[in-house]
Structures are given as structure tokens and as C-alpha cells.
Amino acid sequence: MADPIALARDLIRCPSVTPAEGGALALIETVLKGAGFEVHRVTFAEPGTDPIDNLYARIGSAAPHLMLAGHTDVVPPGDASRWTHPPFAAEVADGVLYGRGAVDMKGSIAAKLAAALDYLGSHGGKPNGSLSFLITGDEEGIAVNGTVKLLSWAAERGETFDHCILGEPTNPQKLGDMIKIGRRGSQNGTLVVTGTQGHVAYPELADNPVRNIAALMVAINAEPIDHGTAHFGASNLEFTSIDVGNKTVNLIPAEARARFNIRFNDTRTRQELRELIEERAAKAAGDRIRWHIEWEPSNADVFLTPPGPFVELVSSAIKEVTGLTPKLSTTGGTSDARFIKDYCPVIEFGLLSQQMHKIDEHVATADLVTLTAIYRQILERYFG
Ligand SMILES: [Zn+2]
């Protein structure tokens with residue numbers, strides 16, 4: 001049987017900090033080819049970005065088609081001297097495996113590989129349907145040459161998917177705590193207020209944008225955006241910076257800017273959300289304050305995979321292995337599931353989330369074994 005701990009260690013030893021492939025996809029290619037998968041390595045690039053290596057592998061041609069998705073790239077280790085165990089050494093001490101990517105998400109990829117190999121080994125080498133791996137090297141970066149392009153590349157080849165499990169770390173405390181069945185959308189914007197520059201001692205001859213931007217910020221945040229839904233918390237707008245850049249003490253500046261981010265649920269479309277914020281600003285500004293909002297383009301839309309047979313299948317597999325009934329959650333930041341949701345229902349389940357991106361990122365080797373058993377159980381039920 002494939003050993004998820006050995007696979008995770010081999011993957012961690014590939015220094016695949018975005019955009020470097022680091023040998024991680026080559027390793028997965030070897031493992032999957034050995035198990036009979038048809039493997040494609042696809043590089044995407046566009047002007048102004050690093051070319052990125054990606055992998056798509058499939059075995060079987062019948063329905064149903066389950067996609068296991070993930071990323072091999074990792075965030076930089078930071079100051080490596082602050083790590084107790086070197087970030088790419090994959091040392092095991094007292095039942096704990098240390099290394100960058102241990103939970104996010106080489107450990108989960110190792111568990112998926114081990115589960116797939118074990119499943120195929122006990123079913124004559126073929127799934128009762130189709131199983132694929134869609135693995136990118138561009139998730140932790142700007143995510144333009146990764147999953148989003150790999151999915152459209154696959155679609156052009158005629159690939160269709162019925163369901164997907166993305167292996168991001170989802171569990172707050174214990175393996176089995178939480179499945180993510182959706183994620184909020186994200187929208188950045190900058191509120192810009194224009195004034196009239198002047199001497200601070202003669203405010204009647206100026207129009208202070210600092211005073212005015214404060215009033216608009218208060219008005220925008222005066223009421224909640226919504227009150228949440230059955231599956232989502234309330235949408236939230238958070239101002240993250242107020243920028244005037246004025247170094248002169250006796251000068252009223254000409255412009256003030258305030259950056260903000262909105263995490264939003266499925267109560268409104270992105271366009272309706274923008275209109276709501278602009279209405280609030282317009283109402284507070286009247287014809288007294290000159291303002292506008294610069295909305296940034298975003299590819300982070302809200303999504304929800306409503307509870308149903310697929311979510312139930314994953315939940316019951318988790319329960320069988322861990323004894324826990326996972327909470328169905330939509331919390332946290334965005335993930336590549338925002339792209340996958342355009343092709344098939346997607347849920348996320350992986351390791352513990354506490355260690356993501358930290359110094360001394362680590363995973364209990366027992367969790368790798370348990371997660372493998374859970375994925376294995378999911379495959380058994382999905383193709384059963
Ligand atoms: Zn991740």
C-alpha cells in the first residue's frame with residue numbers, strides 16, 4: 001500500500017515556492033503514471049507573469065467523474081533560521097512531520113495519492129467511473145496561470161466533471177471537524193474624496209477631504225450589509241487603509257483615499273453589492289462632497305455547494321473514519337474552488353488549518369494516515 005507519510009515527505013523536499021515547480025509535479029506524474037493514469041503536464045503563461053507548470057491526470061473513461069484538486073506550490077518559508085526543523089527537510093520528530101506545505105497542501109495531496117493507489121489496487125486497477133487529479137503550481141501566487149486556465153484547457157479537451165474535492169486545510173481543531181461547502185466572495189475598492197487644497201488657518205477657503213472621507217466611511221459602515229443566510233455569515237466591509245500622504249502640517253490636502261475589502265455572501269450579486277455601497281456614499285455625500293469609488297477587478301466570486309447527496313457522502317465517510325460529524329462551513333478566505341465551481345459541485349476537505357503558512361508548519365503523521373483513510377472511504381462510496 002502507498003505510504004502517505006513517505007509521499008508527503010518526498011513532496012515537501014521539493015522546494016516548490018510559487019512559481020517554482022521544484023520537482024513536485026514530476027513526482028506526482030511518476031506516481032500517477034505508475035498507477036495507470038494518463039498524465040498531462042501543461043504550462044501556462046501570459047505577459048507580465050511567470051510561466052507556471054500544472055498537471056492533469058485521469059484514469060477511466062466512464063461516469064461518474066470525480067476530480068481531486070490541489071496545489072503543490074507553497075508560500076516562502078520566511079527566515080529559515082527561525083525553523084526548528086529546516087523547511088524543506090521533511091523531518092519527522094515524535095510523530096510530527098515538519099516542513100513548508102505539510103498542511104497546505106502537500107500532506108493532503110499525499111493522502112489523496114495514497115488513497116487513489118490503494119483504491120485502484122483493490123479494484124483491478126480501474127475505477128468504477130473516472131478519477132482525475134487537477135494539480136496546479138499557482139495557487140499561493142496571483143493564481144492566473146493555474147487552476148483557472150487548467151480547467152478551461154481540460155474543458156477544451158472535452159473533459160467534464162461530476163464532482164470535485166479540493167484538499168485545502170479545513171479543520172479548525174481536529175481532523176473531521178469541518179467541510180467547506182462554499183466560500184464568500186471578495187471585492188476590493190478604494191473610496192476617493194476630492195477636496196480643495198488650502199491653508200489650514202483658512203479652512204473657509206478650502207474643502208478638507210480628510211473630514212469628508214471620515215463622514216463617508218462612517219455612513220458606509222453605519223448599517224450591516226446583510227444578516228447572513230442559512231449557510232453564510234453576514235457580508236462585511238472592512239476599511240484597511242486611509243491614505244492622504246500629506247507631510248505638511250499647515251496644508252489642507254486636495255485628496256483622501258480609503259481602501260477597503262468586502263467579503264460577501266450570496267445575498268446579492270457583485271454588481272448589486274457595489275450599487276448598495278455607492279448608494280450609501282451618495283446619500284451621505286449629497287451634493288456637498290465630491291467622491292467616487294474605484295472598484296478593482298476580481299475573480300473571487302461567492303459560491304455554495306448546497307447540502308445534498310455528494311456532501312452527505314463525504315460527511316458520512318468522515319464520520320465512519322473519525323466518529324465526527326463535520327460542520328458544513330463557508331468561512332475563511334478564497335480558494336481555487338472559486339474557479340472549479342463553474343465546472344462542477346466542489347467541496348473542500350483537508351488537514352488542520354492552524355498551521356497554514358506558519359514557521360515550523362507541521363502535521364501529525366497520524367493525521368496523514370487518517371486523512372488517507374477518509375479519502376479512501378470517499379472513493380469506495382463514490383464509485384460503489
Ligand atoms: Zn492552500
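Counting from 1, the numbers follow the sequence of the chain as shown. All ligand and atom numbering here is 1-based and tracks the order in the structure.
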- Query: Once the angle between the rings of His362 and Tyr98 is folded into 0 to 90°, is it parallel (under 30°), tilted (30 to 60°) or perpendicular (over 60°)?
  - Reply: tilted

- Has Glu139 got an N/O/S atom less than 2.8 Å from the Zn ion (ligand 1)? no

- For Ser335 and Leu166, work out which heavy atoms get closest and say how close. OG-CD2, 3.6 Å

- Message: To 10 degrees, how wide is the angle OE2 (Glu168) to the Zn ion (ligand 1) to OD1 (Asp104)?
- Response: 140°

- Identify which one of Thr170, Thr330, Thr331 satisfies the side-chain hydrogen bond (donor to acceptor under 3.5 Å, both in side chains) criterion when paired with Lys180. Thr331

- Min side-chain heavy-atom separation Ile28-Phe37 under 4.5 Å: no

- Is the distance from the Zn ion (ligand 1) to some N, O or S atom of Glu140 under 2.8 Å? no

- Item | Of the N, O or S atoms in His71, the one nearest the Zn ion (ligand 1) | NE2

